[in-house]
Amino acid sequence: MSILNLNAALANMLDKHIETLAKRENLDPETIIRGIEGGTMVLLANPNHSNVAPVLVGQPASVKVNANIGTSPLKNDVRCEMVKLQTAINAGTDTVMDLSIGGDLNAIRKEMLEKCILPLGTVPMYAVAQKYIDAGRDPAEIDPEDIFAEIEHQALQGVDYMTVHCGLTRRGAEFATGGDRVMGIVSRGGSILARWMLQNDKENPLLTGYDRILEIARAHNVTLSLGDGLRPGAGCDAGDAAQWEEVMVLGQLARRGLAAGVQCMIEGPGHVRLDEVETQIRGIKKLTNGAPLYVLGPLTIDCSPGYDHIAGAIGGAVAVRAGVDFLCYLTPAEHLTLPSIEDVHAGVMASRIAAQAGEAALGRPHAVQREMAMSRARKALDWEAMQTLALDPDMVEKRREEHSDKRECAMCGKFCAYKMVEENPSCGE
Ligand code: SF4
């Protein structure tokens, strides 16, 4: 039976949006349906998110970019987060994740869903853990029923995709905490679940209760973003037993999801040295049956706080070339503080650059054509075209402003190489 027959909410969303999606992705509707049914592509679109413009993620759709925003207990300014939401949208992100962990999480999520026409993702475990932590209780006391209730509540609110760390097993948690890892567990959701399992001497409730999660997800076409709670948090930890143990389970869970009519993505690393990025991506893709892969970076070095969006974009470009489908941005604030509005813009741009670099290297027509058009515009000193073709048109306008009356730019002035050759009557003869 096809996924479209199993998941009525998805079938309805596809019916409504397939023509727009096919046009935007330059794909046949049949290719999109085949990709979704084969589990290599997902449509992020919960019908309860009333104003959502659905987005396709996965092969052979174009690479997408996500921006994480949200409050923290130390920086909790909801108005500022709403400005960040708009900043991320204006900068060209394809999706947004609300990772709030400070303040009234339910009200923040509700407002973001109202204001965000892009698919919105969350990590439901944060809202559950916040209730326990704010009440002075140990997250190891979390009642699994609270987690399932929160997932259902957020699905009804309209959250389009959710990170659920269902693949984190007790064995994996033991590998990560008891072995040679330098950084141990760096995922917030992963660390809460690991604490719960190790203290209660029980298996991950999101794994044992996976069928219940599938049931909720199918009813509302929530895409499960199967979280990498054991992702490497340092280059030297990449590719260890803990990471691969979780990846293998994620592959099995994605298969079960597909059989149940639920769309699944796989979350990936994390910190990975540049020479290991390609092997990691190809390995994860193989073990997870080609499901859409959503990576955080990957960060290629560990010593660039303040510039981690650059370290991440380097890894992201290589990852896209190796088959990654979805890049989660990193901002200059990574590992330091909550991103500012400017950081959000810089993070989205860095990931979009990585996506363009990777897709141009893959020879994807939309990326190659954009490169060629920009080169031609540059040669012609056609600033209007350059601005249109630039990933950040506002930046072109701003940086050129001071000398916009000149044909050349202020880098070389009268030494402009293009003009020099163009004005030489014997040139080209
Ligand atoms: S002035 Fe120099 S940098 Fe500017 S367009 Fe001409 S050659 Fe390029």
Side-chain angles (χ1 to χ4, degrees), residues 24 26 62-65 67 86-94 274 277 297-301 303-321 327 329-334 339-429:
R24 191 190 308 157
N26 202 16
S62 59
V63 171
K64 304 299 186 304
V65 165
Q86 202 49 56
T87 302
I89 294 172
N90 293 347
T93 194
D94 297 290
L274 187 59
V277 172
L299 278 152
T300 45
I301 56 172
C303 56
S304 55
Y307 304 91
D308 278 349
H309 58 311
I310 298 174
I314 292 169
V318 176
V320 168
R321 190 161 176 258
L327 296 176
Y329 83 176
L330 289 153
T331 75
E334 190 72 21
S340 65
I341 291 161
E342 294 72 29
D343 291 334
V344 167
H345 180 83
V348 173
M349 291 319 305
S351 287
R352 288 185 62 212
I353 291 166
Q356 171 70 11
E359 293 202 286
L362 285 170
R364 293 198 165 160
H366 71 273
V368 173
Q369 281 158 17
R370 188 174 195 155
E371 294 297 306
M372 184 55 85
M374 179 59 108
S375 301
R376 292 207 165 109
R378 271 201 183 126
K379 177 82 188 347
L381 290 168
D382 181 347
W383 293 99
E384 214 179 297
M386 279 187 257
Q387 194 177 336
T388 310
L389 291 160
L391 292 175
D392 188 349
D394 292 347
M395 178 63 87
V396 175
E397 189 178 16
K398 201 168 97 192
R399 298 306 298 262
R400 177 153 165 79
E401 205 169 26
E402 210 184 334
H403 298 95
S404 58
D405 56 323
K406 301 272 186 298
R407 225 185 127 220
E408 69 277 15
C409 79
M411 174 81 122
C412 328
K414 285 185 177 166
F415 286 78
C416 176
Y418 307 140
K419 280 182 72 184
M420 193 72 71
V421 177
E422 185 187 72
E423 284 165 4
N424 180 354
S426 62
C427 179
E429 283 173 8

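Read the numbers this way: they start at 1 and go in the same order the structure lists the ligands and their atoms. Hydrogens, waters and symmetry mates are skipped; everything else that's a heavy atom, side chains included, is used.
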Item to check | Closest protein heavy atom (residue, atom, distance) for atom 6 (Fe) of ligand 1 | outcome: C416 SG, 2.3 Å
Item to check | N/O/S atom of C409 inside 2.8 Å of atom 4 (Fe) of ligand 1, strictly under | outcome: yes
Checklist entry - Has the side chain of R370 got a donor or acceptor atom that lies under 3.5 Å from a matching backbone atom of L389? => result yes
Checklist entry - For ligand 1, which atoms have a heavy atom of M411 less than 4.0 angstrom away? => result 3 (S)
Checklist entry - Does the side chain of R364 reach to within under 4.5 Å of the side chain of V63, using non-hydrogen atoms? => result yes
Checklist entry - Is the shortest side-chain N to carboxylate O distance from R407 to E422 below 4.0 Å? => result yes
Next on the checklist: Starting from atom 2 (Fe) of ligand 1, what is the nearest protein heavy atom, named by residue and atom, and what distance separates them?
Outcome noted: C412 SG, 2.2 Å
Checklist entry - For atom 7 (S) of ligand 1, which protein heavy atom lies nearest, and how many Å away is it? => result A417 N, 3.4 Å
Checklist entry - Side-chain contact, heavy-atom cut-off 4.5 Å: C409 with W383? => result yes
Item to check | L381: numbered ligand 1 atoms lying under 4.0 Å from its heavy atoms | outcome: 5 (S)
Next on the checklist: Within the 4.5 Å heavy-atom criterion, are E334 and H309 side-chain neighbours or not?
Outcome noted: no
Checklist entry - Under the criterion side chain to side chain donor-acceptor pair (under 3.5 Å), which of N90, D394, D392 is the partner of H345? => result D392
Checklist entry - To which protein heavy atom is atom 8 (Fe) of ligand 1 closest, and what is the distance rounded to 0.1 Å? => result Y418 CE1, 3.6 Å
